[in-house]
Amino acid sequence: MSEPTFGDAPFRVDNCSIERTLAIVGEKWTFLVLREAFSGVRRFADMQAATGAPRQVLSARLARLVEEGLLRKVPYREPGQRQRDEYRLTEMGRDLYPIMVALMHWGDRYRSGSGGPPVLLTHRGCGALVEQRFRCAEGHEVAGPREVTPLPGPGALNVAPAVAAARATSDTGSAGPATSDTGSAGPATSGTRATGPATPDAGAAGAPPRGGDTP
């Protein structure tokens with residue numbers, strides 16, 4: 001595809017959506033916590049057992065996801081015990097499901113080896129395998145990045161030619177503000193969705209919440 005341009009040079013923005021998203025979820029333990037949440041795991045002890053995360057690490061990741069609005073605490077009490085909290089996905093958290101599925105499919109294709117995928121996702125309604133496809137707002141299938149043209153969006157801040165910005169930084173020797181090499185994420189993938197249904201708190205078919213202790 002043509003390189004995204006601002007005039008005759010590639011453009012970049014200071015508020016890249018990819019960079020801002022990675023500031024919240026761009027770390028191994030966070031993704032593993034979300035994986036378990038999509039599988040219906042809600043309690044601390046069960047998440048720790050499933051992820052293998054150290055207790056302090058898991059506590060910190062859960063607290064951050066609650067703070068950022070991806071998880072919410074729901075109190076519960078087992079008979080004869082003190083009140084504890086479950087961690088359930090919010091709407092913002094559930095909207096990360098296509099990203100999790102895309103990561104899983106990439107791993108299935110390039111990291112699963114000769115044995116094939118370790119887990120298959122199927123549509124609960126008909127049993128067919130869940131697939132992901134890109135579509136534009138007009139309904140056209142988009143095969144990949146060569147068919148996408150990023151453009152500055154309405155919320156873009158400090159749109160500037162990337163080459164000129166890099167040259168200016170190099171000439172002055174100033175580090176300047178940190179910017180992402182990825183450029184603008186843009187709205188190009190807004191038509192992407194899994195063909196299966198939106199996954200609620202329990203992403204795996206019928207996975208019930210399991211008991212456990214919060215920190």
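Since the model is a prediction, treat every value here as computed from it, not as a measurement.
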**OP:** If a pair satisfies salt bridge (charged side-chain N to carboxylate O under 4.0 Å, His left out) and one of its residues is in residues 58-68, list it, with sequence neighbours excluded.
**Re:** Glu27-Arg61, Arg64-Glu68

**OP:** Mind jotting down which residue pairs meet the salt bridge (charged side-chain N to carboxylate O under 4.0 Å, His left out) criterion with at least one end in residues 98-110? Sequence neighbours excluded, please.
**Re:** none

Please answer whether the main-chain N or O of [Y] pairs with a side-chain N or O of [X] as donor and acceptor at a distance below 3.5 Å.
X: Asn15; Y: Leu157; value: yes
X: Glu86; Y: Tyr76; value: no
X: Thr90; Y: Gly69; value: yes

Original post:
Which hydrophobic side chains are connected to Leu32, either touching it within the sub-4.5 Å cutoff or through other members that do?
Top reply: Trp29, Val57

Subject >> hydrophobic_cluster_shared for Val33 and Val119, side chain cutoff 4.5 Å >> reply: yes

Original post:
Do you reckon Val74 sits in the same ILVMFWY cluster as Met92, going by side-chain contacts under 4.5 Å, direct or chained?
Top reply: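 The answer is no; the residues belong to distinct hydrophobic clusters.
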
Original post:
Taking side chain as C-beta onward, heavy atoms only, is Asp46 less than 4.5 Å from Glu36?
Top reply: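 The answer is no, as the side chains (C-beta and beyond) never meet within the 4.5 Å cut-off.
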
Subject >> From CA spacing to verdict: side chain to side chain contact (heavy atoms under 4.5 Å, CB included), Tyr87, Lys73 >> reply: CA-CA 5 Å; Tyr87 297 88; Lys73 289 183 178 182; 3.9 Å; yes

Kindly write out the residues that satisfy side chain to side chain contact (heavy atoms under 4.5 Å, CB included) with [X], not counting sequence neighbours, or none if the list is empty.
X: Glu141; result: Arg133, Arg135
X: Leu120; result: Pro117, Leu129
X: Gln56; result: none
X: Pro154; result: none

Compare every heavy atom of [Y] with every heavy atom of [X], then report the nearest pair and how far apart it is.
X: Thr122; Y: Val130; result: C-CG2, 3.7 Å
X: Asp95; Y: Pro98; result: O-CD, 3.4 Å
X: Leu58; Y: Ala53; result: CB-CB, 4.1 Å
X: Pro54; Y: Gln48; result: C-NE2, 4.0 Å

Interatomic spacing from [atom1] in [X] to [atom2] in [Y] - rounded to 0.5 Å:
X: Leu71; Y: Arg42; atom1: CG; atom2: CZ; answer: 11.5 Å
X: Phe44; Y: Arg84; atom1: CZ; atom2: CZ; answer: 11.5 Å
X: Leu70; Y: Leu62; atom1: CG; atom2: CG; answer: 11.5 Å
X: Met47; Y: Arg35; atom1: CE; atom2: CZ; answer: 10.5 Å
X: Phe38; Y: Leu121; atom1: CZ; atom2: CG; answer: 11.5 Å
X: Arg111; Y: Trp106; atom1: CZ; atom2: CH2; answer: 4.5 Å

Subject >> Intermediate values then yes/no, side chain to side chain contact (heavy atoms under 4.5 Å, CB included), Ile99 and Leu34 >> reply: CA-CA 11 Å; Ile99 297 176; Leu34 290 170; over 6 Å; no

Subject >> Listed partners of Arg20 passing salt bridge (charged side-chain N to carboxylate O under 4.0 Å, His left out), at least two apart >> reply: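 Residues passing salt bridge (charged side-chain N to carboxylate O under 4.0 Å, His left out) with Arg20: none at all.
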
